[in-house]
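Only a predicted model underlies this, so the values are computations on that prediction, with no experimental measurement involved.
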Amino acid sequence: MKIPDDLSMRRRGRGNKRRIGMAAVFGVILLLLSVFKGLSVFYTDFLWFDSVHLSTVWSGVLFTKLALGAISVVAFFVLVWLNLWVVDRFAPHSVSVAPEDELARRYQTFVRPRAGKFRAGVSVLIALFTGAGFYVNWSQWMLFRNGGNFGVKDPQFHMDNSFFVFKLPFITSLLSWMFYAIVLVLIVSLVGHFLQGAIRPQAASNRITSIVKTHVSVLLGVLALIKAAQYYFDRYRLDFSNRGVVTGANYTDVKFLLPAYMLLVGISILAGLVFFVGSRRRGWSLPTITVALWAVVSVLVASVIPLAVQKFSVVPAE
C-alpha cells in the first residue's frame with residue numbers, strides 16, 4: 001500500500017510544479033508585454049521630438065522625470081529606514097510568554113538576527129512602490145523652476161499672478177507628498193513596534209512602551225507642522241474658488257475662510273509643539289485632547305461655518 005501512496009504524492013508534486021511553472025511563464029509574458037509597450041511609447045516619443053528637431057526637449061523632460069523619481073525614492077528610503085532603525089534600536093529585549101506575544105516572539109527569533117538586511121529590504125520596497133510616483137509632477141516642477149513674472153499683481157494677496165500659475169501647484173503637490181510620506185512612515189513604524197512587542201493590545205498592563213509614545217508623538221508633531229504649511233498655502237487657492245457665481249474669492253472666502261486658514265495655521269503649529277513637548281511626558285491624555293480639539297476646530301472653522309454663511313447669507317443676497 002505504500003507504493004501507490006508514494007506514486008500519488010509524486011504525481012501531485014509534479015502537477016503542482018507544472019502549475020507553478022505555467023504561472024511563472026504567464027507572469028513573465030505579461031511582464032515582457034508591459035515592458036515592450038512602455039519601450040514602444042518611449043521610442044515613439046523620441047522619434048516624434050527628433051523629427052521636429054526638439055530632441056533636447058525630450059531629453060530634458062526625461063531627465064526631469066528620472067531626477068524627481070530618484071530624489072523622492074531616496075528621500076522615502078531614508079525616512080523609512082531611519083524610523084525602522086528607531087523601532088529596532090529601542091525594541092524590548094524580550095517579550096513575555098503570553099499567547100498574544102507569540103507573533104512578536106517569532107519575529108524576534110527569525111528576523112532580529114537579520115534586522116539590518118530586513119530593514120533595508122523593506123525600506124527599498126516601500127520607497128520604490130510609493131516614492132517613485134512623485135515623478136508625475138515633472139511639469140509642475142519645470143514651471144516652478146522656469147516660470148517668469150507677469151507684471152500684474154493679485155488684488156487680494158498683492159502677489160504677482162505668476163506665483164499662482166508657476167509656483168503654487170508644485171508647492172501644494174510637494175506638501176501633499178510630504179504629508180502622505182509621514183503618514184505612511186507612521187503606519188510602518190506602528191507595525192514595526194507591534195512586531196517587536198512594544199505594542200501589546202491584549203496585555204493587562206504596559207500595552208504601549210514609552211518609546212512608542214515618544215516616536216508616535218514626534219511623527220504627529222511633524223504632521224502638524226506640514227499641515228500648518230498646507231493651510232498657509234491653501235489661502236492662495238481661494239483665488240480659484242468656485243463657491244460663488246463666478247470663479248474667484250467671494251465674500252465667504254475673504255471674510256471667513258481666509259481668517260479661518262490663518263487660525264488653523266496657528267492651531268496646527270501649536271498642536272505640533274504640544275506633540276513635541278508631550279513626547280517627553282507619560283500618558284496619552286495631552287496628545288488625545290490636542291488631536292480632538294484640532295479636528296473639531298478644523299471642521300467647524302473650515303467647513304461648517306463657511307458653508308452656513310454661504311447658504312444662509314450670501315446665496316439669498318446674490
Side-chain angles (χ1 to χ4, degrees), residues 137 140 143-144 147 150 152-186 216-279 284-318:
N137 299 303
Q140 294 180 351
L143 291 175
F144 178 87
F150 291 158
V152 179
K153 290 187 176 181
D154 162 66
Q156 179 62 47
F157 300 101
H158 306 291
M159 301 182 66
D160 193 274
N161 287 337
S162 61
F163 170 80
F164 301 91
V165 178
F166 300 137
K167 307 293 185 183
L168 185 60
F170 181 76
I171 292 174
T172 54
S173 297
L174 178 61
L175 290 174
S176 298
W177 181 87
M178 293 171 61
F179 190 87
Y180 164 75
I182 300 300
V183 169
L184 184 58
V185 167
L186 175 61
V216 171
S217 296
V218 170
L219 290 177
L220 289 177
V222 174
L223 279 177
L225 295 182
I226 295 175
K227 197 63 182 178
Q230 286 183 313
Y231 284 136
Y232 180 82
F233 286 100
D234 280 345
R235 300 179 309 133
Y236 300 117
R237 301 179 66 180
L238 293 177
D239 278 1
F240 305 96
S241 173
N242 294 317
R243 193 185 305 273
V245 177
V246 297
T247 300
N250 69 347
Y251 178 84
T252 304
D253 297 319
V254 175
K255 297 298 182 180
F256 288 90
L257 267 180
L258 189 57
Y261 278 133
M262 291 307 299
L263 176 62
L264 290 173
V265 169
I267 293 176
S268 299
I269 294 175
L270 180 61
L273 296 177
V274 170
F275 284 128
F276 290 138
V277 173
S279 64
W284 291 88
S285 57
L286 188 60
T288 303
I289 293 174
T290 302
V291 171
L293 290 177
W294 186 15
V296 171
V297 172
S298 62
V299 171
L300 287 176
V301 172
S303 299
V304 176
I305 295 178
L307 181 62
V309 172
Q310 180 70 18
K311 183 175 181 179
F312 298 109
S313 179
V314 178
V315 173
E318 282 180 337

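- For the pair Ile226 and Leu175, the tightest heavy-atom approach, listed with the atom from each and the gap, is CG2-O, 3.8 Å.
- Lys227 NZ to Ile267 CD1: the interatomic distance, rounded to the nearest 0.5 Å, is 13.0 Å.
- Here the closest heavy-atom approach between residue Ser173 and residue Gln140 is recorded as OG-OE1, 2.7 Å.
- Distance alone, capped at 3.5 Å, is enough to place a donor-acceptor pair between the Lys167 side chain and the Phe144 backbone.
- Asn161 and Lys153 make their closest contact through OD1-C, 3.8 Å (heavy atoms, listed as atom of the first residue, atom of the second, distance).
- With values rounded to the nearest 0.5 angstrom, Tyr231 atom OH is found 12.0 Å from Ile269 atom CD1.
- What you find for Lys255 and Pro259 is that their closest heavy atoms are O-CG, 3.5 Å.
- Smallest separation of non-hydrogen atoms from Val183 and Leu223: CG2-CD2, 3.9 Å.
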Practice problem: Test Val218 against Phe276 for side chain to side chain contact (heavy atoms under 4.5 Å, CB included), laying out the working first. | Solution: CA-CA 6 Å; Val218 170; Phe276 290 138; 4.2 Å; yes

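- Looking at Leu225 and Phe275, their side chains never come closer than 4.5 Å, going by heavy atoms from C-beta outward.
- Interatomic distance, CZ of Phe179 versus CG of Leu184, reported as 12.5 Å (0.5 Å rounding).
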query = Can Phe150 and Phe166 be said to form a ring pair (Phe, Tyr, Trp, His ring centres under 6.0 Å), step by step?
reply = CA-CA 11 Å; Phe150 291 158; Phe166 300 137; 5.5 Å; yes

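- Smallest separation of non-hydrogen atoms from Pro169 and Thr172: O-OG1, 2.8 Å.
- Below 30°, between 30° and 60°, or above 60°: for Phe157 and Phe164 the angle between ring planes is between 30° and 60°, a tilted geometry.
- The distance from the OG atom of Ser162 to the CG atom of Leu168 is 11.5 Å, given to the nearest 0.5 Å.
- With contacts defined as side-chain heavy-atom distances shorter than 4.5 Å, the pair Leu264/Val297 qualifies.
- A distance of 13.5 Å separates OH in Tyr261 from OH in Tyr236, rounded to the nearest 0.5 Å.
- Because its NZ or CZ atom is both nearer than 6.0 Å to the ring centre of Tyr232 and within 45° of the ring axis, Arg235 counts as a cation-pi partner of that residue.
- Between Gln156 and Leu238 there is no side-chain heavy-atom pair separated by less than 4.5 Å.
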